[in-house]
Amino acid sequence: MKSARRYLTTPLYYVNAKPHLGHSYTTILVDVIKRHLVQRGNPVIALTGTDEHGEKIEQMAKAAGQDPKAFADEISGHFRETWKQMHLDFDIFYRTTDASHVKKVQQALTKLKDQGDIVYREYTGNYCLGCERFRTDAELTADGLCPDHQKKPEARSEANYFFLMSKYQKRLIDHIEKNPSFIEPAHYKNEVLAFLKQPLEDLSISRPKSRLKWGIELPFDSNHVTYVWFDALLNYLNATGWPDQFDQALWESVTHFTAKDILKPHGIYWPTMLMALNVPQYKTLQVHGYWLMGQSKMSKSLGNVVRPLEVEEKYGRETLRFFLLREMSFGLDSSFTLENYVTCINAYLANGIGNLVSRVLTIALKNFPGTLALDEKTLTAEDKKALEARASALSQWDQGFDELKYQNSLKAWSDLVTAVDLYVNEMKPWALAKAAGTGDATATERLKTVMGVCLRLIQAAAVIIYPVLPRASLDILKTLGVQFSGPAPDSKLALEDRREFKLGAEVPKLFMRVQLPSVDA
Ligand code: MSP
């Protein structure tokens with residue numbers, strides 16, 4: 001039976017700033033989940049990209065003395081390049097300035113206008129430019145500020161086209177209530193339902209060209225451009241070939257990942273737009289918390305950002321992926337501190353898997369260069385018990401992914417590494433090697449068995465951690481001589497009782513111990 005295809009998306013990032021750690025988290029998470037699903041046999045299409053229209057971009061381009069498209073090209077290029085350099089595996093890099101997107105947005109607008117779901121009216125409200133949306137009074141702080149941008153929204157009044165979102169309020173509530181996993185974790189679903197207790201306002205989906213030129217022109221009124229959220233959300237659907245070559249099965253498998261800042265557009269605007277377009281609902285929206293610096297959200301507008309490529313270069317490849325997944329409890333906020341990052345790298349990567357692989361392979365390569373064959377009959381009860389740790393680690397790993405508890409998965413994995421370390425300490429292979437060196441044949445036999453058990457366990461640790469540390473995992477598997485077909489090691493390889501390891505010539509260098517920069521630096 002062929003496994004089901006899955007479709008995963010990140011938000012399309014605004015091209016008003018280069019990528020920082022907050023953008024990286026969602027993008028890394030989708031890359032990790034994609035790799036995990038591929039390991040379990042599911043073909044996956046992953047989408048990321050850039051959201052390039054709107055007032056914010058128009059203003060920034062103007063301030064930089066650039067044409068908005070040239071400005072968007074440059075920053076979009078930074079996103080694409082950053083993800084490439086971080087080896088993030090995306091099938092689609094979507095840009096909202098592409099001609100095919102513009103055409104499809106206009107098709108959607110025409111359909112909604114023709115069926116009476118779009119009307120022209122006057123509106124007054126509080127507009128937050130950072131969010132590119134009107135904020136209701138209830139959404140502002142006690143001082144009247146936008147909680148995300150710490151700025152007072154502008155009072156605005158203008159005549160615009162409105163999408164009659166309120167028509168779909170009841171259907172949306174029913175859908176959310178009948179499909180508990182539509183918005184996860186549950187507290188975000190509850191937040192959306194609480195919001196929907198108030199009458200839903202209609203959504204202003206156009207801007208007069210007198211105020212904003214940088215947008216997709218309305219097909220039915222050339223004096224207006226499309227509101228950036230209405231334009232951008234459609235990307236997810238358009239990328240599946242909608243409307244003319246719609247891959248509906250792929251669409252219905254979609255999981256959207258976002259932070260809580262854009263819960264409302266994804267939990268309310270988007271599903272009502274889909275209802276109006278008569279397209280099946282997305283499968284699920286998975287919402288995470290913020291990466292904070294101190295008490296504030298990390299964001300370009302607050303100027304407190306960490307750049308992913310800079311930290312990767314300084315602290316070692318893949319260390320950021322591991323840290324972000326290990327540190328954040330999905331759905332809640334986390335603070336980024338260099339202290340925690342350095343501690344995590346040293347504990348789990350340098351001293352953990354790095355040290356384990358190095359101590360085992362050094363002995364194995366010295367004593368059994370070439371091939372190490374493991375005779376099943378020589379396994380003791382202790383060896384068999386040690387090998388059982390693989391199955392429990394793998395099942396806890398999978399369970400963590402299924403329940404959006406990625407921290408639990410990573411913990412199960414580091415517990416496996418610790419268990420192998422303990423096994424090594426108890427079996428003292430260095431002492432067996434010494435005895436073997438004096439011609440003790442029993443010690444040589446026992447050393448071979450102990451090494452074989454360690455290599456099976458290391459194979460399991462490498463296969464399991466593949467989604468989070470893909471390059472380190474492949475380096476380890478290569479040294480063990482473990483080959484596989486396809487893009488990723490199948491997760492079943494973690495439990496393989498391999499009889500023969502054709503060892504490579506060198507111990508792979510995985511992770512270095514790191515230090516906090518000195519206060520002067
Ligand atoms: N362009 C819209 C999204 C349109 S999707 C059709 C947008 N862009 S954004 O550049 O502001 O990106 C917001 C997203 O970036 C968040 O939802 C999250 O995925 C990520 N993050 C940006 N800063 C973040 C943190 N400080 N913490 C966690 N995630 C953050 O909104």
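Whatever order the structure lists them in is the order used to number ligands and atoms, beginning at 1.
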For ligand 1, does N235 get within less than 4.0 Å through its side chain, its backbone, both, or neither, judged by non-hydrogen atoms?
side chain
Looking at non-hydrogen atoms alone, which of V306, D51, V228, L263 comes nearest to atom 1 (N) of ligand 1?
D51
Specify whether F162 and Y123 have parallel, tilted or perpendicular ring planes, treating 30° as the upper limit for parallel and 60° as the lower limit for perpendicular.
tilted
Suppose we call two aromatic rings close when their centres sit under 6.0 Å apart. Are W229 and F163 close by that rule?
no
Run down the list A232, G22, A17, G54 and name the one with the heavy atom closest to atom 25 (C) of ligand 1.
G22
List the residues meeting ring-ring contact (aromatic ring centres under 6.0 Å, His included) with F511, not counting sequence neighbours, and say none if there are none.
none
Quick one: which of F336, F79, Y14 has a heavy atom closest to atom 7 (C) of ligand 1?
Y14
Can C131 be said to touch ligand 1, with heavy atoms closer than 4.0 Å?
no
In terms of the angle between their ring planes, are W270 and H256 parallel, tilted or perpendicular, with boundaries placed at 30° and 60°?
tilted
Counting heavy atoms only, which of T258, D261, L29, V15 is nearest atom 17 (O) of ligand 1?
D261
So is H20 in contact with ligand 1, going by heavy-atom distances below 4.0 Å?
yes
So is E132 touching ligand 1 or not, going by heavy atoms under 4.0 Å?
no
Shortest protein heavy-atom distance from atom 6 (C) of ligand 1, along with the residue and atom involved:
Y236 OH, 3.5 Å
With respect to L233, determine whether any N or O atom, backbone or side chain, lies less than 3.5 Å from an N or O atom of ligand 1.
no
Hey, is F257 one of the residues with a heavy atom under 4.0 angstrom from ligand 1?
no
Measure from the ring center of H266 to the ring center of Y236 and say whether it is less than 6.0 Å.
yes
Heavy atoms only, cut-off 4.0 Å: how does Y25 contact ligand 1, side chain, backbone, both, or neither?
neither
Residues D221, Y161; criterion side-chain hydrogen bond (donor to acceptor under 3.5 Å, both in side chains); working and verdict:
CA-CA 10 Å; D221 187 341; Y161 287 89; 2.7 Å; yes
Check the orientation of F401 and H36. Use parallel for under 30°, tilted for 30 to 60°, and perpendicular for over 60°.
parallel
Test of proximity, K297 against ligand 1: N or O pairs below 3.5 Å:
no
